[in-house]
Amino acid sequence: MPIQLYDSLTRKLKPLAPSQPDGVFRFYNCGPTVYAPAHIGNFRTFVINDVLRRLLELEFGKDKVRHVRNLTDVDDRTIGQTQKEKRPLAEITKKWTDHFHADCAALNCLPPHHEPTATGYIREQVDMIQVLMEKGNAYRAADGSVYFKVSSFADYGRLSRVRERELLVTDATADSDHKNSVSDFALWKAYKPEEDGDVKWPGPRGAGEGRPGWHIECSAMSKALLGDTIDLHTGGVDLLFPHHENEIAQSQCCNGKTFSNHWYHSEHLLVDGTTMSKSKGNYYTLGDLVAKGYSPMAVRYALLLLGHPRKQLNFTLDSMHAAQKALERIYAAMDRAGKDAGLAPGDFLRLPQADTSGIKQLTQANPFHRCWLSLCGDLNTPSALGEFFAGIHAFETHGVPAQFIKGELSLALTILWVFGIGLVKPSALQANAPVAITALAQKRWVAKQTKDFASADALRKELAAAGWSMLDGKDGYKLEPVKK
RNA sequence: GGCGCGGUAGCCAAGUGGUAAGGCCGAGCUCUGCAAAAGCUCUAUUCGGCGGUUCGAUUCCGCCCCGCGCCUCCA
């Protein structure tokens, strides 16, 4: 079954397929602006795209997917930050790029095959602007900026249906400096010494020094790395207009070809029922949640599996709790299934996760195959998760024939790989107890082994008073912070 | 004002023209020196309201109520 995905342009489900003869699927995902830490709303989009990438790799082959995600390292916000901090642009963007990469790694996102930066492709952007000027799709304004002439592109507004929108003309849009029309947008922004510091490049012929507008970077980098026509372009819904609308206008006017065969937009994450904002105090970064004691993998689970990617997802701390508990259950079940398959405890961690040999051939009766179908049907992650738990349940209750269970297990692991739920031992989710606590726990363990239950109980109370509970097992114990 | 999305058990959430997946929480059971953990079982006669189409609607149509997002540089 081919992967079906909603296409924002035609507003229908469409199968994904490579369009070039080399069979490589070309996929561009609009990346972050590196001027501050990305928040969990940003990561919802990136995690969703990561699952899509994984699904594509299983469908078309690992070497038949090319995934590009850019870094916007020059724009109003990054430049604004240099002015605030009085530090060079490169220093600031490097800092936040590193931070972004660390967060992505913690969330178990596969690195894209290419991660171009806007500043690394100035030349390509300038070239493209020049072509647009030559073709009459762009014009130079009095101050040396260059604007795209929206009226020159008949198809403008098809993606966002902007023609059907009643444009809300605010002061911000009305006082547009040198544009001929409010709808026109900047391709090249003339250098302003008082705002831009030393951030400037030589402009297209006929324009002055300055820097590229935001939209042109994606058009130029997509062309440079993936060619004139790509198979899929993705991003958050907010990018649908104007960003993606403008990209289409630029690319198609410049190249004379369809820019992207498929458009996909993931919906926003809300927090406590409303948009995240610093002033509302509901603004979270990954670091904020880790500091509250949630594992990054649980954050990934919450961002991805708790709601359909094309529906707004309301994020709350309650949902984080649910995510963390459900995740622990998955790990425990996988470990047990591994034992049933004759593996030593924890050995399931070493089974190959992306073994696709079985996943497509199975019948629909297999719950893990149904996970796969859910994912292929418009990336329905919550449905896939439901099927996944049904599969776990089958493991637990009916058992699986011994010679079959490794196959079952590897299917389950394949699905987890697509989810991007990295395998960590359940104990890795536990907080580390201080030395004083481990010492007490050790003392109690000895007391228990020698059947000195009075001391053991006293020590349990002592541990509880210190905020730790001790969970006895057959061959040892675990320590957990006391639950509130 | 315009464009778009959603209202399913205490919470989150999938879903279909034929009669409600799954997760969290909660309860019971098994296990256990205690305490947990873990597993099992149970938990919506019902899908915002009112009409309509239909043999039959949560699912299709109409109206209404409520919530949310976006409308030029925010994933």
Side-chain angles (χ1 to χ4, degrees), chain A residues 11 29-33 38-49 72 75-77 160-170 172-173 176 179 182-186 189 213-215 234-243 245-246 265-270 273-277 301-302 305-308 310-316 318-330 332-333 335-336 367 370 374 380-393 396-397 426 448 451-454 456-457 460-461 463-464 469-474 477-478 480 483:
Chain A
R11 312 181 81 218
N29 170 22
C30 283
T33 302
H39 56 68
I40 54 171
N42 298 316
F43 281 115
R44 167 139 124 125
T45 297
F46 299 133
V47 164
I48 287 167
N49 276 274
T72 297
D75 76 322
D76 290 352
R77 291 181 296 161
S160 60
R161 300 191 298 158
V162 79
R163 295 261 158 80
E164 297 162 44
R165 291 175 184 234
E166 197 170 283
L167 219 57
L168 188 76
V169 180
T170 62
T173 53
S176 52
K179 302 187 209 180
V182 280
S183 324
D184 292 352
F185 57 91
K189 295 187 141 192
W214 175 39
H215 316 295
T234 67
V237 267
D238 52 316
L239 296 185
L240 208 136
F241 183 82
H243 187 53
E245 195 69 72
N246 293 352
H265 295 91
S266 46
E267 254 297 347
H268 273 180
L269 184 76
L270 306 181
T274 181
T275 14
M276 239 184 298
S277 81
Y301 184 109
L305 301 172
L306 255 28
H308 187 107
R310 286 197 299 106
K311 269 174 92 168
Q312 291 171 353
L313 176 64
N314 187 27
F315 181 91
T316 62
D318 278 353
S319 62
M320 267 318 304
H321 172 81
Q324 180 110 22
K325 297 306 282 185
L327 197 51
E328 285 170 15
R329 184 167 161 199
I330 289 175
D335 197 24
R336 236 187 337 273
R370 286 200 298 271
S374 287
N380 193 337
T381 49
S383 171
L385 182 69
E387 302 291 359
F388 189 83
F389 274 101
I392 284 183
H393 189 67
E396 303 291 359
T397 48
K448 185 193 160 174
K451 309 252 186 230
D452 177 5
F453 295 126
D457 287 350
R460 177 184 288 290
K461 271 187 190 149
L463 281 163
S469 63
M470 189 163 164
L471 314 179
D472 296 350
K474 265 201 174 112
Y477 56 87
K478 288 194 295 189
E480 263 187 5
K483 282 169 195 137

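Both backbone and side-chain heavy atoms feed into the values below; hydrogens, waters and symmetry mates do not.
Within 4.0 Å (heavy atoms only), A:Gly235 reaches sugar-phosphate atoms of the nucleic acid but no base atom. Among the heavy atoms of the strands, none lies under 4.0 Å from A:Ser374. Across all strands, A:Gly213 comes closer than 4.0 Å to no nucleic acid atom at all (heavy-atom distances). Residue A:Asn314 is out of contact with every strand shown, counting any heavy-atom pair closer than 4.0 Å. At the heavy-atom level, A:Ser266 lies nowhere under 4.0 Å from the strands shown. Nucleic acid contact class of A:Asp457 (heavy atoms, under 4.0 Å, all strands): base. Residue contacts shown for A:Leu269 include a base, since a base heavy atom lies under 4.0 Å away.
With hydrogens and angles left out, the side chain of A:Lys461 and the base of B:rC34 share no donor-acceptor pair within 3.5 Å. One cannot find a donor-acceptor pair under 3.5 Å joining the base of B:rC73 and the side-chain atoms of A:Arg77. You'll find a donor-acceptor pair under 3.5 Å spanning the side chain of A:Arg460 and the base of B:rA35, going by distance alone. On a pure distance criterion of 3.5 Å, a polar donor-acceptor pair joins the side chain of A:Asp472 and the base of B:rC34.
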Polar atom pairs (N or O), protein with nucleotides 17-22 of chain B, under 3.5 Å:
| from | atom 1 | to | atom 2 | distance (Å) |
| --- | --- | --- | --- | --- |
| B:rA21 | N1 | A:Pro382 | O | 3.4 |

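The side chain of A:Lys189 approaches B:rC73 more closely than any other nucleotide in the set B:rA38, B:rC73, B:rA14. Here B:rA37 is the nucleotide among B:rA37, B:rC74, B:rC68 with the atom lying nearest to any side-chain atom of A:Leu471. Nearest nucleotide to the side chain of A:Lys311, out of B:rC3, B:rG6, B:rC24: B:rG6. With B:rG69, B:rA14, B:rC25 as the choices, the nucleotide that has an atom nearest any side-chain atom of A:His321 turns out to be B:rC25.
The base-pairing partner of B:rC42, taking Watson-Crick or G-U wobble contacts with both distances under 3.5 Å, is B:rG26.
A:Arg77 is linked by a salt bridge (charged side-chain N to carboxylate O under 4.0 Å, His left out) to A:Asp75, counting only residues two or more places apart in sequence or in another chain.
Taking atom OH of residue A:Tyr301 and atom P of nucleotide B:rC12, one finds them 16 Å apart after rounding to whole Å. One can place NE2 of A:His243 at 18 Å from P of B:rC70, the figure rounded to the nearest angstrom. The separation between A:Leu270 atom CG and B:rG4 atom P is 19 Å, rounded to whole Å. In this entry the distance linking NE2 of A:His393 with C1' of B:rU41 reads 9 Å, nearest Å. Rounded to whole angstrom, the span from the CD atom of A:Glu328 across to the P atom of B:rA37 amounts to 10 Å. With rounding to whole Å, A:Gln324 atom CD is found 16 Å from B:rC25 atom C1'. A straight line from NZ of A:Lys451 to P of B:rC34 spans 11 Å, rounded to a whole angstrom. Taking atom CG of residue A:Leu463 and atom C1' of nucleotide B:rC34, one finds them 14 Å apart after rounding to whole Å.
Nucleotides of RNA chain B nearest to A:Gly273 and A:Ala186 differ in position, and the one nearer the 5' end is that of A:Gly273. Where A:Phe453 and A:Asp238 each meet RNA chain B at their nearest nucleotide, the meeting point lying more 5' is that of A:Phe453.
Nucleotides B:rG10 and B:rU43, compared at atom C1', are 11 Å apart to the nearest Å.
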Practice item. I would like to know whether A:Arg161 and A:Arg11 meet side chain to side chain contact (heavy atoms under 4.5 Å, CB included); could you show each step before the answer? Key: CA-CA 11 Å; A:Arg161 300 191 298 158; A:Arg11 312 181 81 218; 3.4 Å; yes
